[in-house]
Number of protein chains: 2
Amino acid sequence: MVFVHTKTVSNQVDEILLERIREGMYLPGIRMPSESELSDEFGVSRATVRTALAKLAASGIILRKQGDGTYVNAHIHEASAQFGNLWDLVQLIEGNGYKPSIKFLTIEKRPACEKEALVLAIDKGEDVICLRRLFYADQQPVIFADNVIPYSLLKTPLESIDGSLHIREIFRNYFNQRIVFAITDIRSTVMDDLAGSYLSGGLGRSILQLQVVLYGRNNLPIATGVNIFDDAILRLSLAQAWF
Amino acid sequence: MVFVHTKTVSNQVDEILLERIREGMYLPGIRMPSESELSDEFGVSRATVRTALAKLAASGIILRKQGDGTYVNAHIHEASAQFGNLWDLVQLIEGNGYKPSIKFLTIEKRPACEKEALVLAIDKGEDVICLRRLFYADQQPVIFADNVIPYSLLKTPLESIDGSLHIREIFRNYFNQRIVFAITDIRSTVMDDLAGSYLSGGLGRSILQLQVVLYGRNNLPIATGVNIFDDAILRLSLAQAWF
DNA sequence: AAGTGGTCTAGACCACGGC
DNA sequence: CCGTGGTCTAGACCACTTG
């Protein structure tokens, strides 16, 4: 097998395996080829195959049983998120089977309030960028997102920001930052005026609030976010497998 | 270094490292020893050290930077759960800094309703065990848990079940099952009569509902659960790190 | 340039499950 | 018993960051 030199070998292996699972070449309930068979087939070492399989197992796509074999997990499609990845809203919407799109609402520069300053480890009153966006699942608005980012991190003019991009792209393109670590708080709350004006359904309805803090390369906070999540339309479900 | 033969070498290594982090021997912001230094110190291969470090990195305890080094994550203590482990309520309460305890409420055998039968992959009307418990954080009731398990899985008399045990123990002791895979749905809802009679706070209050399906060795569902979670007292926060 | 973590190899032995 | 995945070793080279 010839590998293109863009990704690691183990990554290419797990992509092939994922493709085969999606195609139905490996079916739930039937043993997949053993590690040795796969390493022979791909012409890589068994350790490399194991790296690829470990990645699939961690996200619950396959289940591995010592002394027996490796099996496709028949239930994984029931979960919309893996790995506790609650901040990647695009992936969350895709996981629910919808086509995600992002509508840019507003962007503004203003001084940080005390609470924001504390979380972002900046001084109170220091400038922050406040970015408001609305996420759609197919044509329905499902998540109202409010992000606050220290202005000092911005590397390009404020006006140049394309608010409809994936948050990862925004940080890469305009802030030269990479998201390394995230903490998400999940709360139950009721629909307020602001969120209610964008999301469907009545005021006072019970909804989910995801409070996110994103950290960058130096383990410093690079953004906070409050995401109002319409759980009447989107399911927030997490999968976890053990070894 | 002499290793006791009860756990794997890499497990013993990561426990030592965890201990050192807790003791403050490795501090946030200061580079930890390199992989080579650790493998020399412990007298194990670099691959074994990497296995241990990978485990710590996956739960966000350490952060690794290629070309630079490994650092203790200063922010990890802000999360109460890792790995999307939302079904282990005891761990969730501990993660919030409380002492967990479980109060057994009721246990009964009854026919499964249609919905339960569907989820548990059994026939409608087949017997299930319904186990209700209340989880305390210190002395406060914080989670009302309602579990439904197929009666056919039970290996001991119904009366022998100790409802105050950890769910993992219950499955091991009385069902001879191991929890291999779990899917948790998170919903926002309002306090109803049943939950309200156990948890503090008024009816109609906005609270979190965790709907769990647990799968066993054969990838068959072994239990469903509905956990009413008082997020006014407990924080549900998840950490996630990238590589 | 030096040192770090990231990837990969080719071996070895062990623990476990099904036959 | 045999084959499976689980662990471990001792090397090698690469990609990246920092001084």
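Letters A, B, ... are given to chains in the order of the sequence lines, protein chains preceding strands, and every chain is numbered from 1. Just so you know, these numbers use all the heavy atoms, side chains as well, and skip hydrogens, waters and symmetry mates.
The side chain of A/Glu35 lies closest to D/dG6, out of C/dG6, C/dC8, D/dG6.
For the pair B/Asn11 CG and C/dC14 P, the computed distance is 19 Å after rounding to whole Å. Rounded to an integer number of Å, the gap from A/Arg64 CZ to C/dA15 P is 19 Å. Atom CG in B/Leu53 sits about 13 Å away from atom P in D/dC8, given to the nearest Å. Separating the CZ atom of B/Arg50 from the P atom of D/dA10 is a distance of 17 Å, rounded to the nearest angstrom. The separation between A/Asn176 atom CG and D/dT17 atom P is 11 Å, rounded to whole Å. Here C/dG3 presents its P atom at 14 Å from CG of B/Asp40, a figure rounded to the nearest Å. If you measure from atom CD1 of A/Ile62 to atom P of D/dG5, you get 9 Å, rounded to the nearest angstrom. Atom CZ in A/Phe42 sits about 13 Å away from atom P in C/dT9, given to the nearest Å.
Although no hydrogens or angles enter the test, the distance criterion places a donor-acceptor pair under 3.5 Å between the side chain of B/Tyr174 and the main chain of B/Asp162.
A/Gly163 and A/Phe104 get closest at one heavy-atom pair: CA-CD1, 3.6 Å. Residues A/Phe175 and A/Ile170 come closest through the heavy atom pair CD1-O, 3.5 Å.
Summary of the strand contacts: A/Lys65 and A/Val49 both lie near DNA chain C, and taking for each the nucleotide with the nearest heavy atom, the more 5' one is attributed to A/Val49. Mapping A/Ser10 and B/Ser34 onto DNA chain C by nearest heavy atom places B/Ser34 at the nucleotide closer to the 5' end.
Residues B/Leu53 and B/Leu17 have side chains in contact (heavy-atom distance under 4.5 Å, counting atoms from C-beta outward). Here the side chains of B/Asn73 and B/Ile61 are not in contact, with every heavy-atom distance at 4.5 Å or above. Looking only at side-chain heavy atoms (C-beta outward), A/Val148 and A/Arg110 come within less than 4.5 Å of each other. Residues A/Leu92 and A/Phe229 form a side-chain contact, since some pair of their non-hydrogen atoms from C-beta on lies under 4.5 Å apart.
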Dump every N/O contact between nucleotides 11-13 of chain D and the protein below 3.5 Å, one line per pair.
| residue | atom | partner | partner atom | Å |
| --- | --- | --- | --- | --- |
| D/dA12 | N6 | B/Arg46 | NH1 | 3.3 |

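Residue A/Ser36 is classed as having no contact, given no heavy-atom separation below 4.0 Å to the nucleic acid. Within 4.0 Å (heavy atoms only), B/Arg31 reaches no atom of the nucleic acid at all. No contact: B/Thr51 has no heavy atom under 4.0 Å from any strand.
Of the side-chain N and O atoms in A/Thr48, one or more sit less than 4.0 angstrom from OP1 or OP2 of C/dT9.
A salt bridge between B/Glu169 and B/Arg172 is present, with a side-chain N of the basic residue lying under 4.0 Å from a carboxylate O of the acidic one.
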- request: Please test A/Glu37 against A/Arg31 for salt bridge (charged side-chain N to carboxylate O under 4.0 Å, His left out), starting from the C-alpha separation and ending with a verdict.
  value: CA-CA 12 Å; A/Glu37 288 169 332; A/Arg31 242 209 311 269; over 6 Å; no
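Contacts with DNA chain D (heavy atom under 4.0 Å) in residues 66-74 of chain A: A/Gln66, A/Gly67, A/Asp68, A/Gly69, A/Thr70, listed by number.
Checked against the 6.0 Å centroid criterion, the rings of A/Phe181 and B/His75 do not qualify as a close aromatic pair.
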